[in-house]
Visitor: 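Here it is, the structure in full.
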Amino acid sequence: MPRNIDNPRKWIQARTMLGKGFKGLKSIDNSRTLKNFSLDILKRSSKVWVAELQANLDKFFDTVESEISTNGTSSFFSHLQTFLFYFLCKSLLGADPALDPAVANSGPLTINLWLGLQLLPTVPVLAFQPLVEIFLHSYTYPSALVSGGYQKLYRFIEQHGKEVVQRGEQEFGLSASDSINNLIFTLGFNAFGGFSLFLPTLIGTIASDKTGLQARLSDEVKQICGSSSSGLSFDSLKGMELVNSVVYETLRMNPPVQLQYARARKDFQLASHDSAFDIKKGELLCGYQPMAMRDSNVFDEPESFKPDRFVGKGKELLNYLFWSNGPQTGSPTESNKQCAAKDFVTMSASLIVTRMFQRYDSISGDSSKITAVEKAN
């Protein structure tokens, strides 16, 4: 199997361009192949997902508690990313970072640097213009800046994720190299990157609330799941209306990915509440999530965070929750561009909130730090 990656940045650019993919493969066929590969990875990972999430999440909470005890506060982001890296590697790849000390110690930092170079050209910076546009947004950054760490991840998956790599080859017709590169993208860009943006916002929203939300969440969790982690499962979330609604409302207010792009495959008419627009084949479209999900024609007080918004009849509004590049009531398939892990994201977030209130009656802090926790009786 190849051990050297020609250019991680060029590969990731090809991978993320809508309608395009690996060199040498037809774009539409390749897009469907990769989507099916992602869906298969998620389906198989569901067998260990909850157990791995819970085990690594408890380590995260233990670390936060210890840091609060020592320092009076916990800047939890680095600990959160360590939890995510271990949990996602073991769930998606079947590979334990502990088996490779170099990856275990540097994995989150490597992915952060790699993500940073991909996203920096798209990040708006209002100050120091036009210098920012000229020097940060106009050039492809050299792959040498991240190739060393990227290749460590590549070799880690090659050695410890052999089963999932072989499935990519045998069941989806991918080369070993394409399988591994796509796994790095799924792990790093989609899963690790997405959760790293979303979970601090979710935790901060709950930790900073002063309306009594935490007591209500605690009551619902303990009533349905009790205080033992053995009661946690995807099925246990079905009765967690408030927990699930808080997750949905956080995604509505702060979608992890705010912009989506696509080119029209045919002529069609795009309609809004009061207008219609003729779209021609080949035209580039951009969807801006915060605007779409704060539509006053759909959502009451759209600029306000309402934890009960999606409770009871409010579930009908899930048809207008588009954070996953499609409605929350939709299903990702090979023929659409909806996030393959749509349901895994929301259910994982609900499991994290549930486990948090199994351990604690309340937490204090914001999206960057936790200042206090009150352990559950």
Visitor: By the ring pair (Phe, Tyr, Trp, His ring centres under 6.0 Å) test, which pairs, at least two apart or in different chains, include something from residues 308-329?
Guide: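 Pairs touching residues 308-329 that pass the test: Tyr248-Phe310.
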Visitor: Under the side chain to side chain contact (heavy atoms under 4.5 Å, CB included) rule, what do Leu153 and Trp114 come out as? Steps first, then yes or no, please.
Guide: CA-CA 11 Å; Leu153 286 174; Trp114 177 66; over 6 Å; no
Visitor: Would you check if Phe77 and Ser367 make a side-chain contact, meaning some heavy-atom pair closer than 4.5 Å?
Guide: no
Visitor: Let me confirm one number: the CD1-CG distance from Ile180 to Leu174, rounded to the nearest 0.5 Å.
Guide: 11.0 Å
Visitor: State whether the side chain of Glu220 and the backbone N or O of Leu242 hold a donor-acceptor pair below 3.5 Å, judged by distance alone.
Guide: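 Side chain of Glu220 to backbone of Leu242, a donor-acceptor pair under 3.5 Å: yes, one is there.
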Visitor: Ring centroid separation for Tyr360 and Phe61, is it under 6.0 angstrom?
Guide: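 Ring centres of Phe61 and Tyr360 closer than 6.0 Å.
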Visitor: So does Asp40 pair up with Arg167, basic N to acidic O under 4.0 Å?
Guide: yes
Visitor: Show every ring pair (Phe, Tyr, Trp, His ring centres under 6.0 Å) that has at least one partner inside residues 196-230, sequence neighbours left out.
Guide: none
Visitor: Could you measure the distance from the OG1 atom of Thr211 to the CG atom of Asp209? Nearest 0.5 Å is fine.
Guide: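 With rounding to 0.5 Å, OG1 (Thr211) is 3.5 Å from CG (Asp209).
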Visitor: Search all heavy atoms of Ile363 against all heavy atoms of Val373 and return the closest pair with its distance.
Guide: CG2-CG1, 3.7 Å
Visitor: Does Glu65 offer a backbone N or O that forms a donor-acceptor pair with the side chain of Ser69 under 3.5 Å?
Guide: no
Visitor: Are the side chain of Thr82 and the backbone N or O of Ser78 linked by a donor-acceptor pair below 3.5 Å?
Guide: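 It does hold such a pair.
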Visitor: Carefully, step by step, assess Arg309 and Glu241 under the rule salt bridge (charged side-chain N to carboxylate O under 4.0 Å, His left out).
Guide: CA-CA 10 Å; Arg309 190 182 296 275; Glu241 283 202 327; over 6 Å; no
Visitor: In terms of side-chain geometry, is the basic nitrogen of Glu283 or Arg263 positioned less than 4.0 Å from the acidic oxygen of its partner?
Guide: no
Visitor: Whether the Asn325 and Gln338 side chains hold a donor-acceptor pair (N or O, under 3.5 Å, no angle test) is what I'd like checked.
Guide: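 No, no side-chain donor-acceptor contact under 3.5 Å.
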Visitor: Are any of the side-chain heavy atoms of Pro256 and Phe195 separated by less than 4.5 Å?
Guide: no
Visitor: Ser74 side chain to Glu67 main-chain N or O, any donor-acceptor pair under 3.5 Å?
Guide: no
Visitor: Determine, stepwise, if the pair Glu249 / Lys306 fulfils side chain to side chain contact (heavy atoms under 4.5 Å, CB included).
Guide: CA-CA 7 Å; Glu249 181 71 343; Lys306 291 191 170 186; 3.9 Å; yes
Visitor: State plainly whether the residues Arg216 and Asp308 are in salt-bridge range, i.e. N to O under 4.0 Å.
Guide: yes
Visitor: With the threshold set at 4.0 Å, does a side-chain nitrogen-carboxylate oxygen contact exist between Lys59 and Glu52?
Guide: no
Visitor: Atom CD of residue position Gln223 - does it have more than 12 heavy atoms of other residues, nucleotides or ligands inside 6.0 Å?
Guide: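 Count not over threshold, so no.
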Visitor: Could you go through Arg355 and Asp58, starting from their C-alpha distance and side-chain angles, then the distance that decides it, and tell me whether this counts as salt bridge (charged side-chain N to carboxylate O under 4.0 Å, His left out)?
Guide: CA-CA 8 Å; Arg355 184 60 186 145; Asp58 279 337; 3.0 Å; yes
Visitor: Does a side-chain heavy-atom distance below 4.5 Å link Val165 with Gln159?
Guide: no
Visitor: Return each pair, listed once, that meets salt bridge (charged side-chain N to carboxylate O under 4.0 Å, His left out) where at least one residue sits in residues 224-238; pairs must be two or more places apart or across chains.
Guide: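 The answer is Asp235-Lys238.
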Visitor: With Arg252 as the cation and Phe299 as the aromatic partner, state whether NZ or CZ is under 6.0 Å from the six-membered ring centre and within 45° of the axis.
Guide: yes
Visitor: Mind telling me whether Phe37 and Phe172 have parallel, tilted or perpendicular rings, with 30° and 60° as the class edges?
Guide: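 Ring orientation, 0 to 90° scale: tilted.
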Visitor: Please check this pair: side chain of Glu316 against backbone of Gly312, looking for a donor-acceptor N/O pair closer than 3.5 Å.
Guide: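 Not at all, since once roles are kept as given, no pair shorter than 3.5 Å links the two residues.
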Visitor: May I ask you to test the Val221-Gln358 pair for a side-chain heavy-atom distance under 4.5 Å?
Guide: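 Yes, side chains in contact.
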Visitor: Quick check for you: to the nearest 0.5 Å, what is the distance between Lys222 atom NZ and Asp219 atom CG?
Guide: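 Spacing of NZ (Lys222) from CG (Asp219) equals 7.5 Å.
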Visitor: Any donor-acceptor pair under 3.5 Å linking the side chain of Asn336 with the backbone of Ser331?
Guide: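 Here the side-chain-to-backbone pair exists.
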Visitor: Quick one, Leu183 and Ile41 - any side-chain contact, counting heavy atoms below 4.5 Å?
Guide: yes
Visitor: Is any side-chain heavy atom of Leu317 closer than 4.5 Å to a side-chain heavy atom of Val298?
Guide: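 A side-chain contact exists here, since the closest heavy-atom pair is under 4.5 Å.
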Visitor: Tell me if a side-chain donor or acceptor on Asp267 pairs with a main-chain N or O of Lys281 at a distance below 3.5 Å.
Guide: yes
Visitor: Within the 4.5 Å heavy-atom criterion, are Leu259 and Gln289 side-chain neighbours or not?
Guide: no
Visitor: Between Ile206 and Met356, is there a side-chain heavy-atom distance shorter than 4.5 Å?
Guide: yes
Visitor: Do you know which two heavy atoms are closest between Phe357 and Leu217, and how far apart they sit?
Guide: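 So the two residues come closest at CE1-CD1, 3.8 Å.
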